[in-house]
Amino acid sequence: MGSDHYFTAAPASPENLRAIHVTLAGRELDVTTAGGVFSPDRLDAGTAVLLANMPPVPPGGHLLDLGSGWGPITLSMAIAAPHATVWAIDVNERALDLVRRNAAALGLTNVNASLPDDVPAEVTFRTIRSNPPIRVGKNELHGLLERWIPRLDERSDAWLVVQRNLGADSLQRWIGATFHPGYSVFRTTTAKGYRVLKVRKHGSPPTEPITLS
């Protein structure tokens, strides 16, 4: 990719469209990916861990995939919750084009693939699901989470997957310190070198403490 990264806004590298076969929301699917986006050749391990270890998505309302890439989390949520509106947010225009392409090919009309600044300010989310872009750097990552986690609806959850050796535990501590009071953060799963973190936004009155099964 040369100087391109998956978080490059407009990748200059060749697009090199390709089809890959994946299983999303219990369905065998062929989707389109391309060079210049995150994990173009397969469903990456972290996203697979997240998809396998999170609860069903809310059946309606607005749902957010933060850092969508070519769209595996978006597509999974859109298939599982056809009456919800799923927002795929990314800074990479090529990734957003792939999300739109894949949603259209699968007949999913409930997907909005958007740049961050194009999401209306009044929209809040019943859930956020994300394999966040750790490699953008700590300051950028923290700014991203500080922007979007407060847009959870009350009594709603964000689910994040982070590789253990790329700072999952320190990110959990930072979330706990930054979004307090009013939020809780728990590690729910450790698998294949990844942590799944659950961030709960409490309401007024506060929700009961979360009991992990």
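Note that the coordinates shown come from a computational prediction; the quantities given were computed from them, not determined experimentally.
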Spatial distance of atom OH (Y194) from atom OG1 (T47) [nearest 0.5 Å]
8.0 Å

As a test of understanding, state which of V162, V49, T190, L160 forms a side chain to side chain contact (heavy atoms under 4.5 Å, CB included) with V196.
V49

Within the distance-only criterion (no hydrogens, no angle test), does the side chain of T178 pair as donor or acceptor with the backbone N or O of W174 below 3.5 angstrom?
yes

Between N92 and A95 (side chain of the first, backbone of the second, donor and acceptor by atom type, cut-off under 3.5 Å), is there such a pair?
yes

Result for side chain to side chain contact (heavy atoms under 4.5 Å, CB included) between M77 and one of N110, L24, V57 points to V57

Okay, side chain of R195, backbone of R187: is any donor-acceptor separation there less than 3.5 Å?
no

Among the clusters formed by ILVMFWY side chains lying less than 4.5 Å apart, do Y183 and L66 turn up in the same one?
yes

Answer yes or no: is there a side-chain heavy-atom contact under 4.5 Å between S156 and F125?
no

R151 vs T124, side-chain hydrogen bond (donor to acceptor under 3.5 Å, both in side chains): CA-CA, chis, key distance, verdict
CA-CA 5 Å; R151 293 181 66 169; T124 58; over 6 Å; no

Return the OG to CG distance between S76 and L43, rounded to the nearest 0.5 Å.
8.0 Å

Given T33, which of R42, R101, R18 fulfils the side chain to side chain contact (heavy atoms under 4.5 Å, CB included) condition?
R18

Among H180, Q172, R173, K198, whose side chain to side chain contact (heavy atoms under 4.5 Å, CB included) with V185 holds?
Q172

Keeping the roles fixed (side chain from N165, backbone from G193), state whether a donor-acceptor pair exists under 3.5 Å.
no

When rounded to the nearest 0.5 Å, the distance separating CG of N102 from CG of D30 is 10.0 Å

OG1/T127 to CG/L63 distance, rounded to the nearest 0.5 angstrom?
7.0 Å

At what distance, to the nearest 0.5 angstrom, does CG of D169 lie from CG of L197?
8.0 Å

Quick one: pull up CH2 in W70 and CG in D90 and give me the separation to the nearest 0.5 Å.
13.0 Å

Would you call D157-R200 a salt bridge at under 4.0 Å N-O?
yes

Quick check against the 3.5 Å criterion: does K201 have a side-chain atom that pairs as donor or acceptor with the backbone of P150?
yes

Could you see if I89 belongs to whatever hydrophobic cluster contains L115? Use Ile, Leu, Val, Met, Phe, Trp, Tyr and a side-chain cutoff under 4.5 Å.
no

